[in-house]
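To start, the structure itself, in structure tokens.
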Number of protein chains: 2
Amino acid sequence: MLDATDLRILRALQDLPEASIEEVGRAAGISHTPCWRRIRRMQEEGVIRGRAYQFDPKAIGLGITVITMTKLDRHDEAALGAFEREAGKLAEIVECYLVTGAYDYALKIVTRDMEAFETFLKTRLSNLPHVGDMHSTVVMRRVKDDGRLPI
Amino acid sequence: MLDATDLRILRALQDLPEASIEEVGRAAGISHTPCWRRIRRMQEEGVIRGRAYQFDPKAIGLGITVITMTKLDRHDEAALGAFEREAGKLAEIVECYLVTGAYDYALKIVTRDMEAFETFLKTRLSNLPHVGDMHSTVVMRRVKDDGRLPI
DNA sequence: AGTGAAAGGTTGCTGGC
DNA sequence: GCCAGCAACCTTTCACT
């Protein structure tokens with residue numbers, strides 16, 4: 001599916017996010033036309049999902065990040081689907097993973113401050129379908145979070 | 001620092017990541033010149049950190065994501081600093097947060113497969129400075145992970 | 001602080017080789 | 001894979017509200 005040149009392109013896109021296609025091609029050892037064609041192909045294949053702007057949460061007034069592990073009281077497909085559908089609608093839940101272990105879902109939640117988180121927990125999160133036990137861990141500091149994959 | 005127009009611009013950038021500045025301005029209710037000026041200002045202020053390409057981990061051969069909670073055996077500044085410095089060098093650790101609770105750090109680790117994760121855990125992670133107890137939770141499915149903030 | 005217009009350079013994209 | 005060329009966009013500035 002992906003050859004060595006494709007991987008070099010992906011690495012260049014990750015390392016030089018603002019670079020032009022010509023620069024990416026140079027970093028990958030090809031000229032800009034085949035580079036552009038490969039990028040488009042990888043976009044169509046879904047390898048490259050898109051580009052996203054990265055904001056500083058604190059600068060936007062979002063000071064609190066919490067990792068909340070969540071259990072459901074049922075584990076049939078309907079319960080999981082209902083939970084995931086409703087969780088997907090809540091903007092404060094920025095990430096949601098189905099996980100192994102004692103809990104069912106790992107959620108990353110971002111809010112303005114602790115008061116907003118408490119309100120969110122009590123009025124929104126605990127009212128999601130089939131939610132049972134929850135355990136929250138507050139993030140004190142973001143040590144590393146650049147969205148870079150080990151390609 | 002940020003007024004209502006700035007927030008509308010950030011929302012537009014998040015919702016339409018491929019849009020031109022003119023389109024973003026239209027979505028925010030202003031024309032392209034002040035829109036461009038505001039974007040540049042927010043970049044200089046660090047509100048907008050940059051743009052990052054998003055890849056499908058599975059398509060690149062990265063099939064395993066694990067959330068690993070980690071304790072240190074010491075909690076002075078030197079120990080935290082040493083751990084964070086070395087953890088930052090490991091590409092497989094894509095996110096690292098200092099957290100409250102029973103554990104000290106929450107790590108998100110991405111590897112090719114379970115075997116690669118086991119090797120990483122035994123030869124890299126457990127050799128980081130001052131690492132004590134660890135607890136790993138395997139991600140079965142990515143329900144939501146779009147990097148969008150609740151602006 | 002906003003609008004509208006315009007110039008120049010760069011980029012994205014399509015062809016032919 | 002490369003080269004040439006075109007249309008579109010971004011950047012920047014200017015005059016004006």
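To find a chain, count down the sequence lines: A is the first, B the second, and so on, and within it residues start at 1.
To the nearest angstrom, P of D:dC2 lies 10 Å from NE2 of A:H32. The distance between atom CZ of B:R51 and atom P of D:dC10, rounded to the nearest whole Å, is 9 Å. Rounded to an integer number of Å, the gap from A:W36 CH2 to D:dA8 C1' is 14 Å.
On the nucleic acid side, DNA chain C contacts chain A at distances under 4.0 Å to non-hydrogen atoms, with the end points of that region at C:dT11 to C:dG16.
A salt bridge links B:D3 to B:R38: at least one charged side-chain nitrogen sits closer than 4.0 Å to a carboxylate oxygen. The pair B:R26-B:E23 does not count as a salt bridge, with every side-chain nitrogen at least 4.0 angstrom from each carboxylate oxygen. Salt bridge annotation for B:R141-A:E84: present, with a cationic side-chain nitrogen under 4.0 angstrom from a carboxylate oxygen.
Remark: A:F83 pairs with A:Y105 by the ring pair (Phe, Tyr, Trp, His ring centres under 6.0 Å) rule, at least two apart or across chains. A:T119 pairs by the side-chain hydrogen bond (donor to acceptor under 3.5 Å, both in side chains) definition with nothing, not counting sequence neighbours. Applying the salt bridge (Lys or Arg N to Asp or Glu O under 4.0 Å) rule to A:R74 yields the partners A:D76; only residues at least two apart in sequence or on another chain are considered. Residues satisfying the salt bridge (Lys or Arg N to Asp or Glu O under 4.0 Å) criterion with A:D15, sequence neighbours excluded, are A:R148. Scored by the side chain to side chain contact (heavy atoms under 4.5 Å, CB included) test, B:E95 finds A:E95, A:K108, A:D145, B:Y97, B:K108 as partners (sequence neighbours excluded). Residues satisfying the salt bridge (Lys or Arg N to Asp or Glu O under 4.0 Å) criterion with A:D73, sequence neighbours excluded, are absent altogether. Residues meeting the side-chain hydrogen bond (donor to acceptor under 3.5 Å, both in side chains) test with B:R112, sequence neighbours left out: none.
Each end of the helix from C:dA1-D:dT17 to C:dC17-D:dG1 gets its own axis, taken as the rotation carrying the C1' atoms of four end pairs onto the next four within a five-pair window, and the two axes meet at 20° to the nearest 10 degrees.
Contact annotation: the side chain of B:I151 approaches that of A:F55 to within less than 4.5 Å [non-hydrogen atoms, C-beta and beyond]. Within the 4.5 Å cutoff, the side chain of B:E22 has no heavy atoms near those of the B:S31 side chain.
In the hydrophobic clustering, where aliphatic and aromatic side chains (Ile, Leu, Val, Met, Phe, Trp, Tyr) are joined below 4.5 Å either directly or transitively, A:L16 stands alone.
The stretch residues 37-45 of chain B touches DNA chain C through B:R37, B:R38, each having a heavy atom under 4.0 angstrom from the strand. Remark: nothing in residues 4-18 of chain A comes within less than 4.0 Å of DNA chain C through any heavy atom.
Position along DNA chain C of the nearest nucleotide to A:S20 versus B:P34 favours B:P34 as the more 5'-ward residue.
In this structure, B:T33 does not reach the D:dT13 phosphate: none of its side-chain N or O atoms is under 4.0 Å from OP1 or OP2.
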